[in-house]
Amino acid sequence: MDKKLSLQLDLLVKDLERDTRVVVFTGAGMSAESGIPTFRGKGGLWEKYDPAVVATAEALQLRPRAVWEMHDTLRQTIAACKPNPGHDAIAELEDLFSAVTVITQNVDNFHQDAGSTNVYELHGNAWRVKCVAEGKSWVDRTVPYEELPPKCQCGAMLRPDVVFFNEPLDEAVLNKSFIEAGKAKLMLIVGTSYTVYPAAYVPILAKQNGALLVEFNIEYTGLSAFADVSFYGKSGEILPLFVQKLKNHLAKKE
Ligand code: OAD
């Protein structure tokens, strides 16, 4: 391991205790090494698709097929990929700390697949579908769909149970996320461009309530000036190193 990185990680873990309340806030960069494209930047989904055409409630009404084609393609991509060592490292935090919450903007279910048990999904889940007439939602892992848009048994159209642009977030999930963020002593912020609200309030709330903010990203972001420390590199490489340091540190204390 690079000496500077090793020293920085030593400094980070030295004051952490098993009862430190930890919240992990994640974005698309978290799953980049799994093979899921991010939204912004080179090769990002919003370079290929116009969100106004494929990711709004209006688009779903006017062009449901276009919306579903993009979403079905994303589901196929997710189905062909799996969690990476960064997701595994975050799941391992539950063995090391007594209270760990993951708040994610991602819809790929990879935190749960890796073993995290306390995950708040701010933007929904790509595997969930919702009947536009009845409002019921459920998990449907059919991939790809034979016909787009897929239909509910009642005959109405199904929609992806994800949050489109200009749609409100699930109020209960958002409130629980804000409460957890406010109680955090350590917040890890991984792979987000930190551009989309209200999700981006999560680290602000944590900081206002005294949490240490630690960012993991491949580049400087809008959060970097605000974070207490930023680690620049791939999260799938740095997070496992962080967890290893943490294990050594906690083992020494016992
Ligand atoms: P973005 O695509 O905006 O940002 C991805 C971030 O991940 C960038 O800051 C990259 O530098 C960083 N990144 C890329 N690869 C990485 C790696 N291997 N390790 C660490 N960091 C890496 O994605 P989000 O911030 O998640 O919303 O975007 C927020 C929301 O905007 C999404 O949830 C989605 C989108 O529109 C909805 O769909 C409602």
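Atoms within each ligand, like the ligands themselves, are counted from 1 in listed order. Nothing here was measured: the structure is a model prediction, and the numbers come from that model.
- Between the Thr26 side chain and the Val190 main chain, no donor and acceptor come within less than 3.5 Å of each other.
- Ligand-side atoms of ligand 1 in range of Glu219: 11 (O), range being under 4.0 angstrom from any heavy atom.
- In the candidate list His123, Glu167, Lys234, Glu237, His123 is nearest to atom 33 (O) of ligand 1, counting heavy atoms.
- Applying the 4.0 Å criterion to heavy atoms of Trp46 picks out, from ligand 1, the atoms 35 (C), 36 (O).
- Between the side chain of Asp228 and the backbone N or O of Val214 there is no donor-acceptor pair closer than 3.5 Å.
- Taking any N or O of Phe39, backbone or side chain, at least one lies under 3.5 Å from an N or O belonging to ligand 1.
- For ligand 1, the atoms closer than 4.0 angstrom to any heavy atom of Phe165 are 36 (O).
- Close approach of ligand 1 to Glu33 is summarised as follows: ligand atoms under 4.0 Å from at least one heavy atom of the residue are 17 (C), 18 (N), 19 (N).
- Nearest-heavy-atom check against atom 20 (C) of ligand 1 across Ala126, Ser235, Gly222 picks out Ser235.
- Taking the charged nitrogens against the carboxylate oxygens, Arg65 and Glu69 do have a contact shorter than 4.0 Å, which makes a salt bridge.
- Annotation for Lys207: atom NZ counts as buried by contact number, over 12 foreign heavy atoms lying within 6.0 Å.
- Of all protein heavy atoms, the one closest to atom 17 (C) of ligand 1 is Gly29 O, 3.4 Å.
- For ligand 1, the atoms sitting less than 4.0 Å from at least one non-hydrogen atom of Ala32 are 15 (N), numbered in the order shown with element in parentheses.
- Each of the following atoms of ligand 1 lies closer than 4.0 Å to a heavy atom of Gly191: 5 (C), 6 (C), 7 (O), 21 (N).
- Residue-to-ligand polar distances place Gln105 within reach of ligand 1: an N/O pair is separated by less than 3.5 Å.
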Open item on the list: Between Glu219 and Lys42, does the salt bridge (charged side-chain N to carboxylate O under 4.0 Å, His left out) criterion hold? Intermediate values first, please.
Closed with: CA-CA 13 Å; Glu219 61 187 21; Lys42 206 166 170 290; over 6 Å; no
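- Under a cut-off of 6.0 angstrom, the local environment of OH in Tyr201 is sparse, with at most 12 non-hydrogen atoms contributed by other residues, nucleotides or ligands.
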- [ ] Determine, stepwise, if the pair Leu250 / Arg18 fulfils side chain to side chain contact (heavy atoms under 4.5 Å, CB included).
- [x] CA-CA 7 Å; Leu250 292 173; Arg18 283 203 183 271; 4.2 Å; yes
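- Closest to atom 1 (P) of ligand 1 among all protein heavy atoms lies Ser193 OG, 3.6 Å.
- Here's the thing with Gly27: none of its N/O atoms is less than 3.5 angstrom from an N/O atom of ligand 1.
- Distances from atom 9 (O) of ligand 1 to the heavy atoms of Asn217, Val196, Thr38 put Asn217 nearest.
- Ser31 pairs with exactly one of Asp108, Asn84, Thr104 by the side chain to side chain donor-acceptor pair (under 3.5 Å) rule, that one being Asp108.
- Heavy-atom contacts of Ala28 reach the following atoms of ligand 1: 23 (O), 24 (P), 26 (O) (cutoff under 4.0 Å).
- Taking atom 38 (O) of ligand 1 as the reference point, the nearest protein heavy-atom neighbour is Val163 O, 3.9 Å.
- Lys247 and Glu92 are joined by a salt bridge, as a carboxylate oxygen and a charged side-chain nitrogen come within less than 4.0 angstrom of each other.
- Atom CD of Gln61 sits in a sparse spot, with 12 or fewer heavy atoms from other residues, nucleotides or ligands closer than 6.0 Å.
- If you look at Arg40 next to ligand 1, the close heavy atoms, those under 4.0 Å, come from the backbone and the side chain alike.
- A donor-acceptor contact closer than 3.5 angstrom is absent between the side chains of Tyr194 and Ser224.
- Atom 25 (O) of ligand 1 has its closest protein heavy atom at Thr192 OG1, 2.7 Å.
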